[in-house]
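By convention in this document, chain letters (A, B, ...) are assigned in the order of the sequence lines, proteins followed by strands, and residues within each chain are numbered from 1. Computed from heavy atoms alone, side chains included, the values below leave out hydrogens, waters and symmetry copies.
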There are 2 protein chains.
Amino acid sequence: MDTPASADREGISRIERLCIDRGLKMTGQRRLIARVLSESVDHPDVEELYRRAHARDSHISIATVYRTVRLLEEKGILERRDFGGGRARYDPTDRGHHHHLIDVDTGKVIEFADERHEALAREIAARLGFELVDHRMELFGRRFPEPQPEAPTSRRGKGRGGRDRS
Amino acid sequence: MDTPASADREGISRIERLCIDRGLKMTGQRRLIARVLSESVDHPDVEELYRRAHARDSHISIATVYRTVRLLEEKGILERRDFGGGRARYDPTDRGHHHHLIDVDTGKVIEFADERHEALAREIAARLGFELVDHRMELFGRRFPEPQPEAPTSRRGKGRGGRDRS
DNA sequence: ATATCTGCAAATCATTTGCGAAACC
DNA sequence: GGTTTCGCAAATGATTTGCAGATAT
């Protein structure tokens, strides 16, 4: 849904735009990492980001990826996540506030948002005497066995709550 | 309900009981670590467990603490937590299913449980096509600024309602 | 007995950092 | 041009592990 490969010449990627807006000095490797992040729809760890970036410019070093990812986190452009597995995963903040459901069988991560949960979290914090500053929720689930062919019941679920993102 | 707290003399600690029930070979150091865990009301990391155990038996090594804590996690007696800060924190499962609120100013951790959240989490997972296997929620909060000048009953202080188990 | 555990130190793993060379503003 | 960043490799910090001796069942 984005500009075709034309963005390769001079286009400024989504994340690069954010970097520029925060006054970061844009080097070739930062631009590349920003582009890789902009094109990613998952939650890569440093190793994976390095792999993707290195495929385009084999001169980049993993130390630079570590440094850049940390810088972007400090600038609020990325959020560090821990889905288990030992390595930190990165999630661009411009995807909006959301939570994650991890498929315990495949490791796949699904993003979702839910207003009711936001309200509930605020309320629980208040009950304990705190103002909610931040919060996170991770669900670990297993895909339902068989997508049983839509029972005769026509009543579609209470269809709504929060939009979910892949 | 339960045996009185007469378990101190030669007694078997809460966690040791669980170890025995799962058929673990009980060595002196495991018994000690189990006792330290049973007496803890917080979420110690390995370094801290080692400190507490080492204070009672200076022969114990930190490698053993690491090994034991991992064993107990595999046996479902402990749960590993990540509250940031780089080190894993441990939480006995026999405290029941709960979540955490971390005071961003002091780092103190408060446990809580909330039925509505449990139901909501299950529902969200179902909506996404998953059966909920596990889930966790962490709230990061700041103690409310000023105790509102509403009822000048007693002097202000940290004496807020709600017990915490750091 | 004897399979399992422990202590110690060395080994891993992810991440950070010192340093001279290279790149950006 | 001077400051900031980069690549490299060595340093770090948390956790794991190989091995020889100690222990529980």
Side-chain angles (χ1 to χ4, degrees), chain A residues 10 12 15-16 19-36 43-75 77-90, chain B residues 10 12-13 15-36 43-51 53-75 77-90:
Chain A
E10 71 149 79
I12 290 175
I15 302 289
E16 181 179 355
C19 292
I20 293 170
D21 291 351
R22 318 234 164 160
L24 293 184
K25 184 193 271 192
M26 290 313 290
T27 66
Q29 23 284 76
R30 284 186 185 172
R31 215 182 318 276
L32 174 54
I33 293 168
R35 190 175 297 281
V36 166
H43 306 78
D45 57 31
V46 167
E47 200 79 44
E48 181 59 29
L49 283 175
Y50 172 65
R51 224 171 280 129
R52 295 178 192 177
H54 190 270
R56 297 182 172 193
D57 177 357
S58 56
H59 290 323
I60 202 168
S61 97
I62 197 166
T64 297
V65 180
Y66 270 108
R67 279 193 270 238
T68 302
V69 121
R70 182 144 70 108
L71 178 67
L72 299 204
E73 194 200 350
E74 282 161 8
K75 292 298 184 182
I77 295 170
L78 290 182
E79 251 171 82
R80 188 197 313 228
R81 306 275 188 182
D82 165 46
F83 296 148
R87 350 237 261 220
R89 314 272 296 265
Y90 290 88
Chain B
E10 178 244 282
I12 291 174
S13 68
I15 302 290
E16 182 179 355
R17 172 86 268 143
L18 293 169
C19 293
I20 293 170
D21 290 351
R22 314 222 171 172
L24 293 184
K25 184 191 274 191
M26 290 314 289
T27 66
Q29 24 282 78
R30 284 186 185 173
R31 215 184 317 279
L32 174 53
I33 293 169
R35 189 173 299 278
V36 166
H43 306 80
D45 56 31
V46 168
E47 200 78 44
E48 180 60 29
L49 283 175
Y50 172 65
R51 223 171 282 129
H54 191 269
R56 297 183 171 190
D57 175 357
S58 55
H59 290 324
I60 201 168
S61 97
I62 197 165
T64 297
V65 180
Y66 270 109
R67 278 193 271 238
T68 302
V69 122
R70 183 144 70 103
L71 177 66
L72 298 203
E73 194 200 350
E74 282 161 8
K75 292 298 184 184
I77 296 171
L78 289 181
E79 250 171 84
R80 188 199 312 230
R81 306 276 187 181
D82 166 46
F83 296 148
R87 345 234 264 223
R89 314 271 297 265
Y90 290 88

Which nucleotide in the set dG7(C), dT25(D), dT15(D) lies at the smallest distance from any side-chain heavy atom of V46(B)?
dT15(D)
How many Å lie between CZ on R51(B) and P on dA14(D), as a whole number?
11 Å
Nearest whole angstrom, please: distance from the C1' of dA9(C) to the CD1 of I62(B).
14 Å
Which nucleotide sits closest to the side chain of K25(B): dA3(C), dC8(D), dT17(D)?
dA3(C)
From CG of L32(A) over to P of dC24(C), roughly how many Å is that when rounded to an integer?
13 Å
Whole-Å gap separating C1' (dA14(C)) and CG (D45(A))
10 Å
When you measure from the side chain of T68(B) to the backbone of T64(B), do you find a donor-acceptor pair of N or O atoms at a distance under 3.5 Å?
yes
To the nearest Å, give me how far apart NE2 (H54(B)) and P (dT6(C)) are.
15 Å
Please classify the nucleic acid contact of I60(B) as base, sugar-phosphate, or nothing, using heavy-atom distances under 4.0 Å.
sugar-phosphate
Can you tell if the side chain of R30(A) reaches within under 4.5 Å of the side chain of K25(A), non-hydrogen atoms only?
yes
Mind calculating the distance between OH (Y66(A)) and C1' (dA11(D)) to the nearest angstrom?
15 Å
Quick one: R67(B) CZ to dG18(D) P, roughly how many Å, whole number?
10 Å
Looking only at the side chain of A63(B) (C-beta and beyond, no hydrogens), which of the listed nucleotides dG7(D), dC8(C), dT6(C) gets closest?
dC8(C)
Can you confirm whether R56(B) sits close enough to L32(B) that some side-chain heavy atom of one is under 4.5 Å from a side-chain heavy atom of the other?
yes
Which residue lies more 5' along DNA chain D, comparing E47(B) with L71(A) via nearest heavy atoms:
L71(A)
So, E73(A) and K75(A), do they make that salt bridge, N to O below 4.0 Å?
no
Checking contacts here: which listed nucleotide (dC5(C), dC24(C), dG7(C)) is nearest the side-chain heavy atoms of T27(B)?
dC5(C)
Please check the phosphate of dT17(D) (OP1 and OP2 only) for any side-chain N or O of R70(B) closer than 4.0 Å.
yes
Give one of base, sugar-phosphate or nothing for Q29(A), where a contact means two heavy atoms less than 4.0 Å apart.
sugar-phosphate
Could you tell me how far apart D82(A) (CG) and dA14(D) (P) are, to the nearest whole angstrom?
16 Å
Starting at the 5' end of DNA chain D, which residue's closest nucleotide do you reach first, A88(B) or R31(B)?
A88(B)
Between dT15(D), dA9(D), dA14(C), which one does the side chain of R87(A) approach most closely?
dA14(C)
Report yes or no: does R81(B) contribute a side-chain atom to a donor-acceptor pair with the main-chain N or O of H43(B) at less than 3.5 Å?
no
Sugar-phosphate only, base, or nothing, as touched by R30(A) at under 4.0 Å among non-hydrogen atoms
sugar-phosphate
